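Predicted model, so just to flag it, every value in this text is computed and none were measured.
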Amino acid sequence: MKSPVQGRPLILYTTSSDVAIGALLTQEDEEGIERPIYYFSRTMRDAQLRYPKAERACLALAHAIQRYRHYLLSNRVVLVAKDDPIKFLLSKPALIGRPTKWLLQMSELDIACVLPKAIKGQAVADLLVAFPREDTTLLHEEVPGEFSEISVIQEEIWLLYFDGSATPSNDTGGAGFVLVSPSGEVFSHSFKMDFHFIKNSTEYEAFILGLSLAKQAGAKHLEIRGDSKLLVNQMNGKYSLKEVTLAPFRAEAQRLITHFSDAIIVHTGRTNNRHADCLATLVSKLKFEGSDKSITVQQCSVPSTWLTQV
């Protein structure tokens with residue numbers, strides 16, 4: 001290991017597999033020989049294991065920037081990677097949540113990406129052999145030697161399920177969402193929408209209300225699951241927003257997502273979203289009487305006739 005020379009380009013190698021990411025920072029000396037400066041490797045956990053290949057490349061670069069930022073800011077950076085993370089992020093039609101933060105981190109650096117075919121010598125070989133092949137055992141979480149203090153802290157993932165329901169006959173709708181803490185505590189909520197709503201807005205209402213609750217609960221890492229393929233793909237930038245009336249809803253959802261350190265939105269089947277679906281359907285059909293604005297639903301585990309015999 002050697003200390004970097006300010007003003008001389010740095011060479012950053014990043015790599016990823018199905019289970020791990022890593023990076024090696026090097027710099028050429030006066031004789032043109034690459035010398036290693038720092039490296040790291042770490043296993044991915046929980047939601048990260050489901051990232052697509054391109055997002056794993058972004059994750060590897062984002063971690064490298066966080067660790068080596070004080071060096072990278074003062075030097076031009078040559079990124080050697082099979083996939084260009086910056087090009088991938090810039091090609092997305094809409095950026096929300098995690099990708100937005102990645103791009104902001106990368107934008108403050110002078111980075112040029114080249115393919116691995118431009119690698120000189122054996123600079124990256126030592127890094128690559130540290131990674132397991134596909135479907136093999138995980139890496140050790142600790143980096144050997146002077147970097148033993150760098151360890152993986154398991155991120156506490158919150159789960160958010162949401163669903164919206166509409167009752168066109170009386171022009172009312174319902175929103176249901178379920179928030180599950182990392183410890184398994186479940187928070188179930190539903191809201192009746194006694195106002196005129198537009199097509200697909202009930203799903204967005206449930207989504208936004210669920211994000212607000214997760215924010216209030218202090219969630220930082222969030223996995224969001226919903227059975228609305230339209231909403232999920234619009235939020236992930238895969239579908240364009242053809243219904244202009246939904247633009248304010250998506251804008252508010254994008255604003256709320258920025259409050260989380262990490263948030264992913266995935267589509268799930270209705271059978272896996274029954275809890276939120278039932279909450280939304282029930283409340284959409286309710287009609288409140290008088291001044292009451294809430295109801296209580298409790299679970300009864302034994303019949304009432306049995307209780308009278310005790």
Query raised in the report: Are side-chain heavy atoms of Thr26 and Ile11 found at a separation under 4.5 Å?
Result: yes

**Report entry** Non-neighbouring partners of His267 that pass side chain to side chain donor-acceptor pair (under 3.5 Å), sequence neighbours left out
**Finding:** none

Query raised in the report: Partners of Asn233 by side chain to side chain donor-acceptor pair (under 3.5 Å), sequence neighbours excluded?
Result: Tyr239

Query raised in the report: Considering all heavy atoms of both residues, which atom of Gly269 and which atom of Asp227 are nearest to each other, and what is their separation?
Result: C-CB, 4.2 Å

Query - Between NE2 on residue His63 and CD1 on residue Ile65, distance to nearest 0.5 Å - result: 11.0 Å

**Report entry** Spacing of Glu252 atom CD and Ser212 atom OG [to the nearest 0.5 Å]
**Finding:** 6.5 Å

Query raised in the report: So, do Phe249 and Gln234 sit near enough that their side-chain heavy atoms are less than 4.5 Å apart?
Result: no

Query raised in the report: Within the side chain of Arg8, is there an N or O that forms a donor-acceptor pair under 3.5 Å with the backbone of Glu28?
Result: yes

Query raised in the report: Got a sec, which hydrophobics cluster with Val178, joining ILVMFWY side chains under 4.5 Å apart, including via others?
Result: Leu159, Tyr161, Val180, Val186, Leu279

Requested in this report: Output, in order, the C-alpha distance, side-chain angles, deciding distance and verdict of side chain to side chain contact (heavy atoms under 4.5 Å, CB included) for Leu160 and Leu213.
Outcome: CA-CA 10 Å; Leu160 174 63; Leu213 176 65; over 6 Å; no

Query raised in the report: CZ of Arg225 to CG of Asp163: how many Å apart, nearest 0.5 Å?
Result: 15.0 Å

Requested in this report: Only counting residues at least two apart or in another chain, list the ones meeting side chain to side chain donor-acceptor pair (under 3.5 Å) with Arg274.
Outcome: none

Query raised in the report: What heavy-atom pair brings Ile257 and Ala263 nearest, and what distance separates the two atoms?
Result: CG2-CB, 4.2 Å

Query - side chain to side chain contact (heavy atoms under 4.5 Å, CB included) assessment of Met235 paired with Arg250 - result: CA-CA 7 Å; Met235 290 300 299; Arg250 189 177 70 170; 3.6 Å; yes

**Report entry** Rounded distance [0.5 Å steps], OG1 in Thr202 versus CZ in Phe162
**Finding:** 10.0 Å

Query raised in the report: Is a side-chain N or O of Asp277 found less than 3.5 angstrom from the main chain of Arg270, in a donor-acceptor match?
Result: no

Report task. Give the minimum heavy-atom separation between Phe187 and Ser181, together with the two atoms involved. Result -> CE1-CB, 4.5 Å

Query raised in the report: Side chain of Thr258, backbone of Arg255: donor and acceptor closer than 3.5 Å?
Result: yes

Requested in this report: Taking the side chain as every heavy atom from C-beta outward, state whether His189 and Leu209 have any pair of such atoms under 4.5 Å apart.
Outcome: no

Query raised in the report: How close do Ala57 and Ser16 get, heavy atom to heavy atom, and via which atoms?
Result: N-OG, 4.2 Å

Report summary line: Interatomic distance, CG@Leu59 vs CD@Gln48, rounded to 0.5 Å, equals 5.0 Å

Query - Residue pairs fulfilling salt bridge (Lys or Arg N to Asp or Glu O under 4.0 Å) with at least one residue in residues 202-217, sequence neighbours excluded - result: none

Report summary line: Applying side chain to side chain donor-acceptor pair (under 3.5 Å) to Arg50 and not counting sequence neighbours gives Glu223

Requested in this report: Could you walk me through whether Leu256 and Phe207 pass side chain to side chain contact (heavy atoms under 4.5 Å, CB included), step by step?
Outcome: CA-CA 10 Å; Leu256 285 170; Phe207 183 52; over 6 Å; no

Requested in this report: Taking all heavy atoms of Ala60 and all of Gly22, pick out the closest pair and write down the distance.
Outcome: CB-O, 4.3 Å

Query raised in the report: Between CD1 of Ile157 and CG of Leu222, what distance do you get to the nearest 0.5 Å?
Result: 8.5 Å

Query raised in the report: Linking I/L/V/M/F/W/Y whenever any side-chain heavy atoms sit under 4.5 Å apart, do Leu230 and Leu211 land together?
Result: no

Requested in this report: Evaluate the side-chain proximity of Thr14 to Ile21: yes if any heavy-atom separation is below 4.5 Å, no if none is.
Outcome: no

Query raised in the report: What residue among Asp110, Ile111, Leu25 forms side-chain contact (heavy atoms from CB on, under 4.5 Å) with Leu72?
Result: Leu25

Report summary line: Gly226 and Val232 have their tightest heavy-atom pair at O-CG2, 4.1 Å

